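For this chain, numbers begin at 1 and follow the sequence in order. Model, not experiment: these values are computed from the prediction.
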Amino acid sequence: MATKTPRRRAPTARPSDPADEPRYRSGAVARMVRMPVATLRIWERRYNVSRPALTPSGQRLYSAAEVRRLGLMKQLTELGHAIGNLAPLDWTQLQAVANTHASTVAGQRGHAAKAPERPWRLAVVGAALARRL
């Protein structure tokens, strides 16, 4: 009776940083960054925002670093930045965009606080509205 020898998997390159080890499936990543899975796939296909590892069954696996990057990109797109402009940026460049945005907003708030208060103006249109007021 012949015995079957177990198949040996080809050795895979292990990331040096445990944070870079793929471990999150696409559905979990989509929930973490609060976006539909379809949007995540569109970003991958159109803009190459990430290159997740694939399991033998074809499931996408994302590292913690990729999840952080996607989360920051999602926040920046919600602030009005175009995904096409953000996609080619690395983590450091994305943080610089976020810091620039934060300092601009803080500057605008500080400027708005120093602006003199202007009196309210009210225009009443129509006799019925004037009687109600």
Query raised in the report: In a check of side-chain contact (heavy atoms from CB on, under 4.5 Å) between Met73 and each of Val33, Val97, Val49, which one passes?
Result: Val49

Report task. Rounded to the nearest 0.5 Å, what's the gap from NE2 on His81 to OG1 on Thr100? Could you check? Result -> 8.5 Å

**Report entry** Heavy-atom closest contact (Ser26 atom, Leu40 atom, distance)
**Finding:** O-CD2, 3.9 Å

Report task. Please report the shortest heavy-atom distance between Pro36 and Ala30, naming the atom on each side. Result -> C-CB, 4.2 Å

Report summary line: Smallest heavy-atom separation, Ala98 atom then Leu76 atom, equals CA-CD2, 3.8 Å

Query - Arg23 versus Ala64, closest heavy-atom pair with distance - result: NH2-CB, 3.6 Å

Query raised in the report: So Leu61 and Arg25, side-chain contact (heavy atoms from CB on, under 4.5 Å) or not? Walk me through it.
Result: CA-CA 5 Å; Leu61 293 178; Arg25 293 171 54 165; 3.7 Å; yes

Query - Cluster check Met32, Ile83: I/L/V/M/F/W/Y, side chain < 4.5 angstrom - result: yes

Query raised in the report: If you round to the nearest 0.5 Å, how far is OH of Tyr62 from CD of Glu44?
Result: 3.0 Å

Query raised in the report: Which heavy-atom pair separates Gln95 from Leu72 by the least distance, and what is that distance?
Result: N-CD2, 3.9 Å

Requested in this report: Tell me, with the steps shown, if Trp91 and Arg68 meet side-chain contact (heavy atoms from CB on, under 4.5 Å).
Outcome: CA-CA 9 Å; Trp91 175 251; Arg68 281 192 303 273; 4.2 Å; yes

Report task. Check whether any side-chain heavy atom of Arg60 lies under 4.5 Å from a side-chain heavy atom of Ser50, and answer yes or no. Result -> no

Query raised in the report: Cluster question for you: counting only ILVMFWY and a side-chain heavy-atom cut-off of under 4.5 Å, with indirect links fine, are Leu79 and Tyr47 together?
Result: yes

**Report entry** Smallest separation among heavy atoms of Leu89 and Asn85, with atom names
**Finding:** CG-O, 3.7 Å

Requested in this report: Can you measure from CE (Met35) to CG (Leu70) and round to the nearest 0.5 angstrom?
Outcome: 6.5 Å

Query raised in the report: Which distance, rounded to the nearest 0.5 Å, do you find between the NZ of Lys74 and the CH2 of Trp43?
Result: 7.0 Å

